[in-house]
Amino acid sequence: MIERADHIAQSAEDVHLIADNHYLTARISLEEGNIQEASAAYAVILAETGPNQSINRRAAVLALGIRIGISQDASTESLWPLVAELEAAHILNRSSGWQDFEAHALYHGLQACGKSEKAKRILTEYKKTHRREKGPLPKNLSELVDSER
């Protein structure tokens, strides 16, 4: 997707493609374990974030920040504002679909902030009631759900 966006004429002028590029770079880097690169891309995302950001985009960016913060052993005090805002965004958005990454990050963020029961409850609600995707839960989420039984 990133390579295709780079080939689109005038993509350097498209703020949405640029934002998607930074987001995808951060996500891929995070999954590859390159926390430094993920953190650098995340910093760019934050600098370019505008007040009119959609709830979907905001939830995704918050989830990314939480996952990076946890990977960097961030303090509860620095994680909590992100976790609280992601929780509110996730509750508003969780039945709209495509919230697996956000649900996963919220679970771990709540766990890191000492709110294990809330993490378990929200993840269970998401799986049983709100998740709209037809396919099975991704492995990382199904392992969390199974471990909470």
Side-chain angles (χ1 to χ4, degrees), residues 1-8 10-116 118-127 129-133 135 137-145:
M1 186 173 173
I2 293 172
E3 288 173 7
R4 284 191 1 210
D6 288 341
H7 295 307
I8 295 174
Q10 299 175 349
S11 65
E13 298 171 15
D14 187 326
V15 294
H16 299 293
L17 282 175
I18 293 168
D20 286 348
N21 189 312
H22 292 301
Y23 176 77
L24 291 171
T25 298
R27 280 281 306 267
I28 291 166
S29 299
L30 180 65
E31 297 302 326
E32 291 175 340
N34 188 342
I35 306 307
Q36 186 174 3
E37 186 175 329
S39 183
Y42 178 70
V44 173
I45 293 167
L46 290 180
E48 295 176 350
T49 297
N52 297 328
Q53 190 175 46
S54 74
I55 189 76
N56 285 338
R57 172 64 74 172
R58 185 66 187 147
V61 170
L62 289 164
L64 189 57
I66 291 166
R67 291 272 314 273
I68 291 169
I70 289 171
S71 296
Q72 294 175 326
D73 296 322
S75 68
T76 301
E77 292 79 22
S78 64
L79 282 176
W80 180 245
L82 299 175
V83 172
E85 190 176 348
L86 177 58
E87 180 183 349
H90 180 69
I91 298 300
L92 285 173
N93 212 32
R94 64 187 173 182
S95 61
S96 67
W98 302 106
Q99 289 288 300
D100 290 349
F101 178 69
E102 292 78 0
H104 183 261
L106 179 58
Y107 174 87
H108 285 292
L110 287 167
Q111 288 279 355
C113 292
K115 303 203 179 282
S116 298
K118 185 182 246 186
K120 178 181 174 181
R121 180 180 50 78
I122 289 175
L123 184 62
T124 302
E125 288 172 0
Y126 175 67
K127 178 195 176 231
T129 307
H130 300 287
R131 187 173 187 270
R132 293 182 54 169
E133 286 73 21
L137 276 175
K139 184 179 178 182
N140 61 354
L141 278 178
S142 67
E143 288 173 351
L144 287 178
V145 171

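In this text the structure is predicted, and so the values were computed from the model without any measurement.
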On a heavy-atom basis, which atom in [X] and which in [Y] lie closest, and how many Å separate them?
X: Ile68; Y: Ala38; result: CD1-O, 3.5 Å
X: Gln99; Y: Ala59; result: OE1-CB, 4.4 Å
X: Arg131; Y: Pro138; result: NH2-CD, 3.8 Å
X: Ser78; Y: Ala74; result: OG-CB, 3.5 Å
X: Ile70; Y: Gly109; result: CD1-N, 3.8 Å

When you compare the side chain of [Y] with that of [X], does any pair of heavy atoms fall below 4.5 Å?
X: Glu85; Y: Arg58; answer: yes
X: Leu123; Y: His104; answer: no
X: Leu144; Y: His108; answer: yes
X: Val145; Y: Thr124; answer: no
X: Trp80; Y: Leu110; answer: yes
X: Trp98; Y: Asn56; answer: no
X: Val61; Y: Leu46; answer: yes

Item to check | Under the salt bridge (charged side-chain N to carboxylate O under 4.0 Å, His left out) test, residues paired with Glu77 that sit two or more places apart | outcome: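 In terms of salt bridge (charged side-chain N to carboxylate O under 4.0 Å, His left out), with neighbours along the sequence ignored, Glu77 is linked to no residue.
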Test of understanding: with salt bridge (charged side-chain N to carboxylate O under 4.0 Å, His left out), list the residues that count as partners of Arg57, not counting sequence neighbours.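 Result, salt bridge (charged side-chain N to carboxylate O under 4.0 Å, His left out) vs Arg57: Asp20.
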So which pairs with a foot in residues 59-70 pass salt bridge (Lys or Arg N to Asp or Glu O under 4.0 Å), sequence neighbours left out?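 Non-adjacent pairs meeting salt bridge (Lys or Arg N to Asp or Glu O under 4.0 Å): Glu31-Arg67.
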Q) What's the verdict on side chain to side chain contact (heavy atoms under 4.5 Å, CB included) for Lys127 and Leu141, showing C-alpha distance, side-chain angles and the deciding distance? A) CA-CA 9 Å; Lys127 178 195 176 231; Leu141 278 178; over 6 Å; no
How long is the span from the [atom1] atom in [X] to the [atom2] atom in [Y], to the nearest 0.5 Å?
X: Arg121; Y: Ser116; atom1: CZ; atom2: OG; value: 12.5 Å
X: Leu79; Y: Gln111; atom1: CG; atom2: CD; value: 12.5 Å
X: Ile66; Y: Leu86; atom1: CD1; atom2: CG; value: 4.5 Å
X: Ser95; Y: His130; atom1: OG; atom2: NE2; value: 6.5 Å

Practice item. Would you check if the side chain of Ser39 reaches a backbone N or O of Ile35 as a donor-acceptor pair within less than 3.5 Å? Key: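 No; zero donor-acceptor contacts below 3.5 Å.
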request  = Start with the C-alpha distance between Leu62 and Val83, add both sets of side-chain angles, then the distance that settles side chain to side chain contact (heavy atoms under 4.5 Å, CB included), and finish with yes or no.
outcome  = CA-CA 8 Å; Leu62 289 164; Val83 172; over 6 Å; no
Do Arg94 and Glu102 sit within salt-bridge range, that is, some charged N less than 4.0 Å from a carboxylate O?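 Salt bridge: no.
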Note to self: For a side chain to side chain contact (heavy atoms under 4.5 Å, CB included) check, start with the C-alpha distance between Ile45 and Tyr23, then their side-chain angles and the critical distance, and finish with the verdict.
What the structure shows: CA-CA 7 Å; Ile45 293 167; Tyr23 176 77; 4.1 Å; yes
- Below 6.0 angstrom between ring centroids: does that apply to Tyr126 and His90?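 Tyr126 vs His90: aromatic centres under 6.0 Å.
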task: Let me see the working for Lys118 and Glu87 under side chain to side chain contact (heavy atoms under 4.5 Å, CB included), right down to the final yes or no.
output: CA-CA 10 Å; Lys118 185 182 246 186; Glu87 180 183 349; 3.1 Å; yes
